[in-house]
4 protein chains.
Amino acid sequence: MRHASPRSRSTKDRSSTVRPATRFDRRLSEILSHATDVFDEKGYEGASMRDLSRVSGTSLAGLYYYFESKEKLLYLIQRHTFTTIVERLRNRLEGVTDPEQRVRVFILNHLEYFLANQKAMKVLSHEDEILKNGYGAEIAAIKREYVRTCVDLLDELKRANNLEFSSRTAALSLFGMMNWIYTWYKPRVDGNAETLAEEMSDIFLRGVCADMGKSSKKRISITN
Amino acid sequence: MRHASPRSRSTKDRSSTVRPATRFDRRLSEILSHATDVFDEKGYEGASMRDLSRVSGTSLAGLYYYFESKEKLLYLIQRHTFTTIVERLRNRLEGVTDPEQRVRVFILNHLEYFLANQKAMKVLSHEDEILKNGYGAEIAAIKREYVRTCVDLLDELKRANNLEFSSRTAALSLFGMMNWIYTWYKPRVDGNAETLAEEMSDIFLRGVCADMGKSSKKRISITN
Amino acid sequence: MRHASPRSRSTKDRSSTVRPATRFDRRLSEILSHATDVFDEKGYEGASMRDLSRVSGTSLAGLYYYFESKEKLLYLIQRHTFTTIVERLRNRLEGVTDPEQRVRVFILNHLEYFLANQKAMKVLSHEDEILKNGYGAEIAAIKREYVRTCVDLLDELKRANNLEFSSRTAALSLFGMMNWIYTWYKPRVDGNAETLAEEMSDIFLRGVCADMGKSSKKRISITN
Amino acid sequence: MRHASPRSRSTKDRSSTVRPATRFDRRLSEILSHATDVFDEKGYEGASMRDLSRVSGTSLAGLYYYFESKEKLLYLIQRHTFTTIVERLRNRLEGVTDPEQRVRVFILNHLEYFLANQKAMKVLSHEDEILKNGYGAEIAAIKREYVRTCVDLLDELKRANNLEFSSRTAALSLFGMMNWIYTWYKPRVDGNAETLAEEMSDIFLRGVCADMGKSSKKRISITN
DNA sequence: TATGAATGAGTGTTCATTCAT
DNA sequence: TATGAATGAACACTCATTCAT
């Protein structure tokens, strides 16, 4: 953002309170959705406000009625995407008690949302370090909480089954497995979210050669 | 931009033949290294040639003596990084015959290089869709070969142990686990490459709850 | 140069339809006029957008609100100049039937416009090979038609008076005589358009020593 | 020229004295010739020193061994072209006494050299206002003398035949006819220099409808 | 004689943003 | 609500030229 200046009425004021959706909200959502597409295709830096204006059918100046800066726009997209996935997860975990199942629910929820909203999720994970200060902190907080949830789920699993591994490494590896799919996923080849979730859950929970027994494990040392 | 005109001596001509490193080569390498840092910090689009000029201590115009465009610069970085990691892998796999060990070698090689050259690797994986036409195709080809190598390793493993899983999904999941670390890795917390490689190898090969046996696996269905 | 992207509303769209002149049009005309001066003084290549911005009292970026490129600007100038002179010619030829008079009308029209719009005409004739592809083709087409008109006039004259000469060479010689004046014309010394038109018409139609009779003509051969 | 600085040994010093052609001179001529081609194709402003370096097979820096600036290069080309054509004219006029023949010799000499050295002549007439101060003045002086010669020839003709016309307008019209040919000349269509010279001489000396007699001349007045 | 390496100043163009209406 | 018009700052890149070797 080049010329930052205070605004009398900020986007945040409007959108953070709960109230019936106004015309403003609906237009905002539309624009957000178009912007998500553009960020997905060109990246945040590569996308210009003119691009956004074109695809959303609004004049360049008109966009600024809806958000005060490009950065804020990214923030709104990321916040909406994140809060939605977190909310869905909360609902789905309700009533599921088996620790392994809870992890599987987490994975399915993540992948399902990821594949249904690939563009938004790509923007979410790809444009990670753009947001500064306030906005960045807020998104980072939501993200930290989401990761925390996953770590907690793994801790439960460990406790329940008397396992030993680094929940942190495991959780972050799991996120890697899942978040990376935007680089390779092809619906025809890789199946739908449920299939993929099962495959990834299996790999994550049992490994690719689980049947061989842990005894075969040998340390390797490489000198080169 | 004025008309881009061919150069009498292009960067590619110089760098693709094998010969003793000249002063030109050394300066080129320096600049490449600095540029890698900047791309890492700001992203390709976000990094300006002025930034590169500043950190590499060369005048803006001087940079263009070494590569004819920003895009070519990215290409050179990516090519160098990729060919190096592929070459190392080849060397390390030599003499290792056990299929599981070969996968472990792959993981260790990747992570070791990744952590030692985090910035370059981040640039490699993050700025994936920038390069167009010729350059993009060349990098994509190297990448495809590298992925292919991993898939082949998993196929060997499957054959040897009579396993059944999608090598493609597994390989790409594995890459996700590994490539994602640039978003979270902290040396103090997460240990060195060998530790991490072991943890990830274990998760990937045995899963987090390998001991429980596959029998406990239940399908989940979620309606929401 | 960043990616050139299509504009939602291009200069061409605006200027090719017939409608009352808007504020946009008026400002456009002003800038076109200033640009003509600058192109005249420095040539197309020698004139910088910064020069244009300075003389037209607009910010550098502001210019691009009116035309999408320097090339398009040249195109607009050339098109306007050419269509105006062609239109005037059409009007003036109406009602004139005597073939010789028609040629004289052509000459007078050309010179009058040339002297009244010297700068524009110099730009028109001097910056002939700049425009590429579409724009160039369009201007070339108008020009071809204009030259064609002149050749036709000479053909009429030939038919009417039973003369024999190459209409093409004659027409292009005539254009040479007229178009070259931008290199030497001085109002005080050379008189106004009418005077000049008469002199040139006389030279072109009767030659400088018409009274001597054609018999004196001798072939020359030079060896050197 | 951006960074003008004095030179210990200037090109002019070398080339303006009469002495046997050295290796320096020969290379200089080659480069001049190549440069003429490039200036012809791209114009003076449009041609870059890099272009010249490329076509003349000399390094960019190497060019500066032969002339101290791009401007000087243009000067050398223009001076050489001009002095050659003037010299030839002098030789050819020797011994020709008939005033009309002398004019015809002038025209033939100009056209012959023009067609044989089209590129150089185009550069000569097209890049007329580039040279500043000293160089410009020198070229302008040669040019003025050349034009003066033509005007004198016409004055002789007038005196000899008791004619009345503006020698200045006539001479400059004649130059227009001749110099303009670079915009339209096609060898196949328009014949060789001799043919063209005869046609133009006839038009210039007798006009296109000389046979009709001067009586038919009517004044035209246009109101529009 | 000739060039590899370098540079300050400039190029055309696009950026996110503003503001009067 | 929405936009036409405008802008300062930045962009990637090229320019003519220099100088140590």
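In what follows, chains are A, B, ... by sequence order, proteins preceding strands, each numbered from 1.
Atom P of nucleotide F/dC19 and atom CD of D/Glu68 are separated by 14 Å, given to the nearest angstrom. Going from atom OH of A/Tyr66 over to atom C1' of E/dT17 covers 18 Å, rounded to whole Å. Between the P atom of F/dA12 and the CG atom of B/Leu63 lies a distance of 11 Å, rounded to the nearest Å. Summarising the geometry, the separation between CG on A/Leu60 and C1' on E/dT18 is reported as 10 Å, rounded to the nearest angstrom.
Shown here are the salt bridge (Lys or Arg N to Asp or Glu O under 4.0 Å) partners of D/Glu129, two or more places apart in sequence or in another chain: C/Lys122. Evaluation of the ring pair (Phe, Tyr, Trp, His ring centres under 6.0 Å) rule for A/His126 yields A/Tyr182, B/His126 as partners, not counting sequence neighbours. With sequence neighbours excluded, no residue satisfies salt bridge (Lys or Arg N to Asp or Glu O under 4.0 Å) with B/Lys70.
Using a 4.0 Å heavy-atom distance criterion, B/Arg50 is classed as a base contact. C/Ser59 comes within 4.0 angstrom of a nucleotide base, judged by non-hydrogen atoms across all strands.
Base-pairing analysis of DNA chain E finds the following stems of at least three consecutive Watson-Crick or G-U pairs, with both pairing distances under 3.5 Å: E:2-21 with F:2-21.
Between B/Tyr135 and B/Tyr75, the ring-plane angle classifies as parallel under the 30° and 60° cut-offs.
Closest to the side chain of C/Ala61, from the set F/dC19, E/dA6, F/dA9, is F/dA9.
Put simply, the side chain of D/Gln78 gets close to the backbone of D/Glu127: a donor and an acceptor are under 3.5 Å apart.
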Identify each donor-acceptor pair in which a side-chain atom of residues 42-50 of chain B lies under 3.5 Å from a protein atom, sequence neighbours left out, and give them as a table.
residue	atom	partner	partner atom	Å
B/Lys42	NZ	B/Asp51	OD2	3.4
B/Tyr44	OH	B/Glu71	N	3.1
B/Ser48	OG	B/Arg50	N	3.3
B/Ser48	OG	B/Asp51	N	3.0
B/Ser48	OG	B/Asp51	OD2	3.3

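When each of C/Glu71 and B/Arg27 is assigned the nucleotide of DNA chain E bearing its nearest heavy atom, the one mapping closer to the 5' terminus is B/Arg27. Residue whose closest nucleotide on DNA chain F sits further toward the 5' end, between C/Thr58 and B/Tyr44: C/Thr58. Across the interface with DNA chain E, nearest-nucleotide mapping of A/Ala47 and C/Ser69 shows C/Ser69 to be the residue nearer the 5′ end. Comparing B/Lys70 and C/Arg23, the nucleotide of DNA chain F nearest to each residue sits closer to the 5' end for C/Arg23.
For the OP1/OP2 pair of E/dT14 and a distance below 4.0 Å, the side-chain nitrogens and oxygens of A/Ser48 include no atom meeting the criterion. Of the side-chain N and O atoms in A/Tyr64, none sit less than 4.0 angstrom from OP1 or OP2 of E/dC19. Remark: A/Tyr65 is in phosphate contact with F/dT1, judged by side-chain N or O atoms under 4.0 Å from OP1 or OP2.
For residues 27-39 of chain D, the pairs satisfying side-chain hydrogen bond (donor to acceptor under 3.5 Å, both in side chains) are D/Arg27-D/Glu30, D/Arg27-D/Thr58, with sequence neighbours left out.
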